[in-house]
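Read the structure below first, then the notes.
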Amino acid sequence: MAKEHAIEWIEENKERIIRISDAIWEFAELGLKEFKSSKLLADELEKHGFRVERGVAGMPTAFVATWGSGKPVIGILGEYDALPGLSQKVVPWREPLVPGAPGHGCGHNIHGASGMAAAIAVKVAMEREGLEGTVKFFGCPAEENFSGKVFMVRDGLFEGVDAVLSHHPGTMNAAALKSSLAINSAKFHFYGRAAHAGASPEEGRSALDAVQLMNIGVEFMREHVPQDARIHYVIERGGGQPNVVPEYARVWYYVRAPEREEVERIYSWVVDIARGAALMTQTRLEVEFLEGIYNLIPNRALAELVVKNMREVGLPQYSEEDLRFAREIAKTIPLEAKISQLRKSGRPGWEKLVDKLIDDEVPDPWGEGEVMHGSTDVADVSWQAPTLEFSTAAWVLGTPGHSWQAVAQSASGIGHEALIFASKVLASSVVDLLTRPELLERAKEEHRRRLAGRAYRSPLPPGHKPPLDAWER
């Protein structure tokens with residue numbers, strides 16, 4: 001009956017859950033600046049009897065909400081940061097709500113609300129059935145930019161947690177078994193000497209030259225890194241005007257690879273190239289490390305549990321209004337882009353989804369031994385305890401992540417249905433982990449086997465703090 005109690009609470013409170021998700025969507029706050037969003041979630045959990053510790057791990061918008069006592073301890077993750085420049089109205093054409101403002105292009109408004117709702121629903125079920133154990137909701141800021149969970153892991157907030165579940169909006173109802181790419185993010189600051197570029201260029205030392213030489217060096221390096229490695233950069237500052245030798249320039253790099261050790265090796269090479277560029281241009285280099293993330297440790301036991309509960313809960317039913325909106329959004333996505341995304345998913349039988357609007361299936365877990373080419377700080381949590389992040393179809397098939405289409409759908413009827421569906425699946429799965437010790441032990445044994453004796457070492461340099469002022473620089 002415990003699962004029925006949890007699902008019943010979500011169904012009775014679904015309008016409130018949707019309002020909270022939509023409020024976070026409207027706030028659309030950037031990473032480490034999610035003051036309204038985190039407060040809304042923390043206050044709601046506190047109102048329902050959770051003990052809330054705010055401002056954890058040196059981040060004002062990070063918190064942990066706890067209910068219950070003793071073992072097992074099951075964690076639920078929630079995110080609520082938005083992306084720069086993606087403001088969008090809930091309309092099926094490109095129209096910013098506030099031009100240039102942030103928007104929830106990864107659906108983290110749904111992410112935070114589904115986790116919050118599931119945590120409260122599990123608490124209600126535990127009370128009604130007298131279940132033992134502890135449920136923890138982790139309010140996790142800045143997944144998109146500064147990897148808030150890595151700081152939370154470093155500060156020991158996941159110690160003693162037996163398993164962790166997380167829900168992320170997407171285009172599929174899926175609990176995949178793929179790993180992810182580990183990553184380092186850093187900014188390279190070059191300091192030269194200004195001079196008149198026409199009258200006395202010999203007196204100048206161009207910081208922009210250093211950036212360009214560094215980038216050229218990295219381009220030549222690309223041939224000699226592993227197949228699945230990814231290196232991307234943007235020149236954030238390159239000078240003021242052509243007749244002044246730039247005395248300052250800055251480039252921001254991401255370095256990704258399937259294993260943490262590979263990232264560290266490639267990143268070290270990139271730093272050496274930057275040093276060489278500084279020597280060639282007689283400029284001064286400063287390296288600003290921003291974030292480091294591990295690769296994800298998948299867990300089949302948890303994936304199969306979530307798939308089972310997806311099928312038991314049953315897929316959402318959409319109104320005709322929802323479907324009309326979905327069809328209009330789908331018109332903005334080129335067919336070739338949709339096919340490319342489906343192919344890259346590696347989902348068995350993806351071809352039969354090409355002509356579908358919304359994913360209406362729950363496939364078996366897939367992707368064992370494969371690597372998705374994105375990165376997530378959920379990976380660092382997965383090194384602490386058995387962890388699974390599953391997705392539900394909040395967007396029409398083919399929707400690009402980090403797009404205006406994703407923003408629009410994340411506050412639409414499609415997104416709302418995915419939110420309530422995910423909340424029920426998440427709550428049901430947590431109840432199973434609380435009440436079925438053999439299932440939890442299977443997940444933990446698999447976790448030990450996949451780690452294969454490897455130990456987690458924080459990727460953050462000693463003393464590194466969350467970059468709370470990053471957006472003001």
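Side-chain atoms are counted along with the backbone in the values below, which use heavy atoms only and exclude waters and symmetry mates. In this chain, residues are counted from 1 in sequence order.
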Step-by-step salt bridge (charged side-chain N to carboxylate O under 4.0 Å, His left out) determination, Glu44 to Arg16: CA-CA 10 Å; Glu44 190 72 12; Arg16 172 66 177 164; 2.6 Å; yes

Using the side chain to side chain contact (heavy atoms under 4.5 Å, CB included) rule, take Glu11 and Ile17 through it: C-alpha gap first, then chi angles, then the decisive distance, then the call. CA-CA 10 Å; Glu11 188 62 28; Ile17 298 165; over 6 Å; no

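Geometric assessment of Arg260 against the ring of Tyr294 yields a positive cation-pi assignment under the 6.0 Å and 45° thresholds.
A donor-acceptor pair under 3.5 Å is formed between the side chain of Asp377 and the backbone N or O of Lys149. The closest donor-acceptor contact from the side chain of Arg128 to the backbone of Ala125 lies at 3.5 Å or more, if one exists at all. Between the side chain of Ser382 and the main chain of Ala379, a donor-acceptor pair closer than 3.5 Å is present. The backbone N or O of Arg300 sits less than 3.5 Å from a side-chain atom of Glu446, completing a donor-acceptor pair. Judged by distance alone, the side chain of Ser38 and the main-chain N or O of Glu34 form a donor-acceptor pair under 3.5 Å. Here the side chain of Asn295 pairs no donor or acceptor atom with the backbone of Ala182 at under 3.5 angstrom.
Two residues are said to be in side-chain contact when any heavy atoms from C-beta on lie closer than 4.5 Å; Ile235 and Asn215 meet this criterion. Counting heavy atoms from C-beta on, the side chains of Pro258 and Leu181 come closer than 4.5 Å. A 4.5 Å side-chain heavy-atom check between Arg442 and His447 finds every atom pair outside the cut-off. Considering only heavy atoms from C-beta on, Trp471 comes within 4.5 Å of Lys33 through its side chain. Counting heavy atoms from C-beta on, the side chains of Lys344 and His373 never come closer than 4.5 Å. Annotation: side chain of Thr66 is in contact with side chain of Thr134 (closest heavy-atom distance under 4.5 Å). Put simply, the side chain of Lys444 reaches to within 4.5 Å of the side chain of Leu440, judged on heavy atoms. Side-chain contact between Tyr456 and Val153: present, with at least one pair of heavy atoms (C-beta onward) separated by less than 4.5 Å.
The 12-atom threshold is not exceeded at NZ of Lys352, counting heavy atoms of other residues, nucleotides or ligands nearer than 6.0 Å. Heavy atoms of other residues, nucleotides or ligands lying less than 6.0 angstrom from CD of Glu368 number more than 12. Atom NZ of Lys356 is surrounded by more than 12 heavy atoms from other residues, nucleotides or ligands within 6.0 Å. Applying the 6.0 Å contact sphere to CD of Gln317 captures no more than 12 heavy atoms from other residues, nucleotides or ligands.
Defined by atom type and a distance below 3.5 Å, a donor-acceptor pair is missing between the side-chain atoms of His189 and Arg237. Looking at His167 and Thr392, their side chains do bring a donor and an acceptor atom within 3.5 Å of each other. For the 3.5 Å distance criterion, the side chains of Ser410 and Trp395 qualify, holding a donor opposite an acceptor. A side-chain N or O of Thr399 and one of Gln409 form a donor-acceptor pair less than 3.5 Å apart. No side-chain N or O of Ser179 forms a donor-acceptor pair with one of Glu370 less than 3.5 Å apart. Asp81 and His104 are not linked by any side-chain donor-acceptor pair at a separation below 3.5 angstrom, with hydrogens and angles left out of the test. Side-chain atoms of Asn309 and Asp432 form a donor-acceptor pair, as typed in the model, at a separation below 3.5 Å.
Here salt bridge (Lys or Arg N to Asp or Glu O under 4.0 Å) pairs that include residues 110-126, with residues two or more places apart or in two chains, are Lys123-Glu127. Legend: ring-ring contact (aromatic ring centres under 6.0 Å, His included) pairs involving residues 7-48, not counting sequence neighbours, sorted by first then second residue: Trp9-His48.
Listed by chain and residue number, nothing satisfies the side chain to side chain donor-acceptor pair (under 3.5 Å) test with Glu262 (two or more places apart in sequence, or in another chain). Evaluation of the side chain to side chain donor-acceptor pair (under 3.5 Å) rule for Arg347 yields Asp359, Glu361 as partners, not counting sequence neighbours. Ser319 pairs by the side chain to side chain donor-acceptor pair (under 3.5 Å) definition with Asp322, not counting sequence neighbours.
By the 30° and 60° cut-offs, the orientation of the rings of His464 relative to Phe151 is parallel.
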Determine all donor-acceptor pairs shorter than 3.5 Å in which one atom belongs to a side chain in residues 137-145; sequence neighbours excluded.
unit_1 : atom_1 : unit_2 : atom_2 : d
Glu144 : OE1    : His402 : NE2    : 3.3
Glu144 : OE2    : His402 : NE2    : 3.4

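In this structure, Tyr80 has its ring center no closer than 6.0 Å to that of His108.
When each of Phe146, Tyr254, Tyr253 is tested with Ser185 by the rule side-chain contact (heavy atoms from CB on, under 4.5 Å), just one qualifies, namely Tyr254.
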